[in-house]
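Scope of the values below: all heavy atoms of this structure, side chains included, with no hydrogens, waters or symmetry mates. Letters go in sequence order (proteins before strands), and every chain restarts at 1.
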Amino acid sequence: MTCQEILKQLNPEQGEAVSTTEGPVLVLAGAGTGKTRVITFRIAYMLSRGIPAESILGMTFTNKAAREMKERLAQLVDPKLAERVTLGTFHSFCGKLLRREIKKLGYLPNFTIADESDQLGIFKQAAGEAGCGSDFPFSAAFNIMSGWKNRLITPEKARKMAGNQFEVMAGAAYGKYQELLELQNLVDFDDMLMLTWRIFKEYPEVLEKYRERYRYLMVDEYQDTNGAQFTLVKMLAGERCNLCVVGDDDQSIYSWRGADVGNILDFPKIFKGTKVVKLEQNYRSCNAILNAANAVISQGGDSRRHTKQLWSALGEGRTPEIITLNNGEDEADFIARLIEQRKRERNCSYSDFAILYRSNQLSRQLEQTLRGANVPYRMVGGQQFFQRREIKDALAYLKLMSNPLDDQSLLRLLSSPPRGIGAKAVSDLKSYRLEGRGSMFEALNSGEFRAKLSRPAAKGAEELMSVFARFKPLFEQPGGLSGKCAEFLKETGYIPGLQKIYKDIDDAVKRRDNVDEFISAISQFELKRGEPATLTEYLEACSLLEESEREDEADEEKDAVTLTTVHAAKGLEYPIVFVIAMEHGIFPHERALDEGGADEERRLFYVAVTRAKEELYLLRTRMRMVRGVMHPSRPSGFLGMIDGEFAKSQTPDDLLKTVDRDTLAAKFAELYEFMKS
DNA sequence: ATGTTTAATCTTTTT
DNA sequence: GATTAAACAT
């Protein structure tokens, strides 16, 4: 495709974003304005202008986004050429860099990635060692530390900056935490960014190498970048600064996770000569929905905002409906009935519907009712596969195999299944480690150490270690991973021990099935990859894999209603959307309001509204079960922002009766508009 | 050392 | 209401 052909397929603003390849560019892409299209076409445009594919780097937040872009790019240009463009998440980019360079910082290249529960466990230990008592507020301190790491604040700096006693303690715990991680050759998610930053800073020649390689940078969902990501991007862009960021400040909903909206608000100030392009034509929703969305987003208290006014050429459409039900059960019932009715009337499929909610627990009632009503559904996120105990246990075995210094994993697998190693032996291991005699893994391997343990403990340790020793050379060879893992998990006694761990026979069978599924996921990984993989490579991919990505293939195929949190729905779209529990304290969430996140809650509602293409139903109840007790509820303030002018209230029964008539009326109105023009 | 009961906690969660 | 860790008993 030539440049001209590419530009012909875009609107003028999109074209401007695509054809400005040099210098800093900020693309403010409102909801549904063709953001992904702009990014992929921009890359295609650059390629057709002769820019080498190897020098283009695109950063996303999710693997899903990266994969989608790869796929769409492969449709635009020669797939072989598309493959040579680097498209990946921040973390996968940093992960690859660290495997090559982390030796410089004293870590081993086979480091494993600490997940959230590892982090919490290690932090508790760190706080203990730093002298924090049992009354020390762990989770608050952990959050503080997380904030520091997001902003690339080192332990030394944190301690210097500390303004009160609590922060001093948290800083001390932070320092200890980093020591413990390094000792175990572990890297947490924040470290992946932070250690990359350290390498760039301490080894300018490495930074220079990457700058020379990646001369054209693009960042997706830029409103969600944190301080660390901003700094990395800025470093890589350097003087050349061919940096194009795409995002929407109105959809900034991850500040609680360290995202800094300031990055997108101040981009033009930080990067002089920035070309700002606003995309305001929405290709997703009808105007009735956009009007409601515009009302929600413009009524806020955010003084700092890139103003945008979305418009659509898709006609007026149906006015959003506000429906009040008695309780959660009625609400779910009503949705089930309306889905069946609308499906018949519109002759559409279940997958055209989505039900959105603020917090995961709200899905329970829905699941129950939809199951009872035989409405097929698919849940996004929810209880996550890799969070399940049996999977985490299985992973602990593999992680320890890959990184023997990982005490966290070692402690986890010692008691699953029980093998005679209990509290006494564990405390011996901990003191061995504290005395600096070596890692826990080495302790278990030492006859001297084992001699001090009880008979059964020593025996258990010896058997376990002999299996590890036997499999070590096998795992050093790449390829045949799933078979080796299955064999390894059997030999170590983990799989045979499942019945022992889970007494309930049905439970044990289910867990066993999950472990089997886990092993088949490994073989799928190998298959997809094409070339023989090592265990370390698999574990990294596994840690960086988002949950939604390992949905069952069969699940993805089936026609089903989508159930999801609003957060997880970002970037998705559905013809018909329900938002449930529009009640004060739930949406907006009380705790978010307490923490000063009123504007973010509103933006979250904006995200919810803009998921709908044609029909939007906002539901609330008079009574709701909260944590097991019935509670009277008040309508969400968000409803008041749109009720009357942009949405109409209906009783559930009237709506079920009249929805058909309204659809016809809307069709006639559209036809009329069309005839007029 | 391991199995059982009680108490505490509960927003969102791209990596 | 449901899940999970810490205290308690076997």
Side-chain angles (χ1 to χ4, degrees), chain A residues 59-66 88-95 113-117 119-121 124 134 139 146 149-150 187-193 220-221 223-226 228-229 251 253-259 328 356-362 364-365 368 380-384 386-389 414-426 453-457 460 500-501 503 540-549 564-572 581 585-595 597 600-601 603-605 607-608 625-630:
Chain A
M59 307 263 237
T60 64
F61 276 84
T62 66
N63 296 302
K64 197 173 140 201
T89 64
F90 277 98
H91 288 83
S92 68
F93 176 80
C94 292
I113 296 166
D115 65 27
E116 221 163 285
S117 72
Q119 284 189 57
L120 218 67
K124 271 188 182 161
S134 57
S139 64
S146 213
K149 295 185 80 166
N150 282 163
V187 167
D188 70 19
F189 286 125
D190 296 328
D191 282 339
M192 297 184 79
L193 306 172
D220 185 25
E221 304 281 14
Q223 77 282 354
D224 291 333
T225 48
N226 63 27
Q229 286 156 338
Q251 293 185 71
I253 54 174
Y254 281 106
S255 76
W256 52 274
R257 245 182 148 244
L356 273 50
Y357 35 83
R358 173 65 235 258
S359 61
N360 272 311
Q361 51 183 55
L362 291 162
R364 191 166 301 141
Q365 177 79 63
Q368 203 179 316
V380 178
Q383 64 277 59
Q384 307 179 341
F386 284 100
Q387 300 279 63
R388 291 185 195 156
R389 165 161 283 159
L414 280 186
S415 54
S416 50
R419 46 170 63 81
I421 302 171
K424 175 71 172 57
V426 167
L453 296 176
S454 69
R455 250 279 162 54
K500 217 175 176 177
I501 306 172
K503 263 185 69 187
E540 172 162 331
C542 194
S543 297
L544 299 183
L545 200 72
E546 74 202 279
E547 291 302 329
S548 53
E549 201 173 351
T564 172
T565 62
V566 182
H567 280 92
K570 197 177 78 166
L572 305 176
I586 296 180
F587 196 8
H589 199 279
E590 190 162 22
R591 224 167 119 173
L593 293 178
D594 286 348
E595 284 161 26
E600 182 151 313
E601 291 292 294
R603 292 194 295 266
L604 189 59
F605 181 54
V607 168
M625 193 87 109
V626 183
R627 290 202 269 274
V629 280
M630 266 300 185

Legend entry - Listed nucleotide nearest any side-chain atom of Y254(A), set dT14(B), dT12(B), dT15(B): dT14(B)
Legend entry - Short side-chain N/O contact to dT13(B) OP1/OP2 from T565(A), under 4.0 Å: yes
Inset, instruction - Have a look at R419(A) and say if it touches a base, only the backbone sugar-phosphate, or nothing, with a 4.0 Å heavy-atom cut-off. - result: sugar-phosphate
Inset, instruction - Assess whether atom CD of E590(A) is packed by more than 12 heavy atoms of other residues, nucleotides or ligands within 6.0 Å. - result: no
Inset, instruction - Look at the aromatic rings of H91(A) and F189(A) and report parallel, tilted or perpendicular, splitting at 30° and 60°. - result: perpendicular
Inset, instruction - On DNA chain B, check which nucleotide each of L604(A) and G420(A) is closest to and give me the residue with the more 5' one. - result: G420(A)
Legend entry - Selection from dA2(C), dT11(B), dT12(B) that lies nearest to any side-chain heavy atom of A592(A): dT11(B)
Legend entry - Given DNA chain B, 5'-ward residue of the pair K500(A) and D190(A), judged by closest heavy atom: K500(A)
Legend entry - Phosphate contact (dT11(B) OP1 or OP2) by R591(A) side-chain N/O below 4.0 Å: yes
Legend entry - Selected nucleotide, minimal atom distance to E595(A) side chain, candidates dT15(B), dT11(B), dA1(B): dT11(B)
Legend entry - Most 5' of Q361(A) and R389(A) on DNA chain C, judged by nearest nucleotide: Q361(A)
Legend entry - Ring centroids of H589(A) and dT11(B) base under 5.5 Å with planes under 30°: yes
Inset, instruction - Taking only the side-chain nitrogens and oxygens of N63(A), find out if one of them lies under 4.0 Å from OP1 or OP2 of dT15(B). - result: yes
Legend entry - Residue D224(A), side-chain atoms from C-beta onward, closest of dT14(B), dT13(B), dT15(B): dT14(B)
Inset, instruction - Measure the shortest side-chain to side-chain distance between L356(A) and T564(A) over non-hydrogen atoms and say whether it is less than 4.5 angstrom. - result: yes
Inset, instruction - State which of dG1(C), dT15(B), dT2(B) makes the closest approach to the side chain of R627(A). - result: dG1(C)
Legend entry - Below 4.0 Å: OP1/OP2 of dT14(B) and any side-chain N or O of N226(A): no
Inset, instruction - For the side chain of M625(A), starting at C-beta, report the closest nucleotide among dG1(C), dG3(B), dT14(B). - result: dG1(C)
Inset, instruction - Spell out, as yes or no, whether a donor-acceptor pair under 3.5 Å connects the side chain of R419(A) to the backbone of L414(A). - result: yes
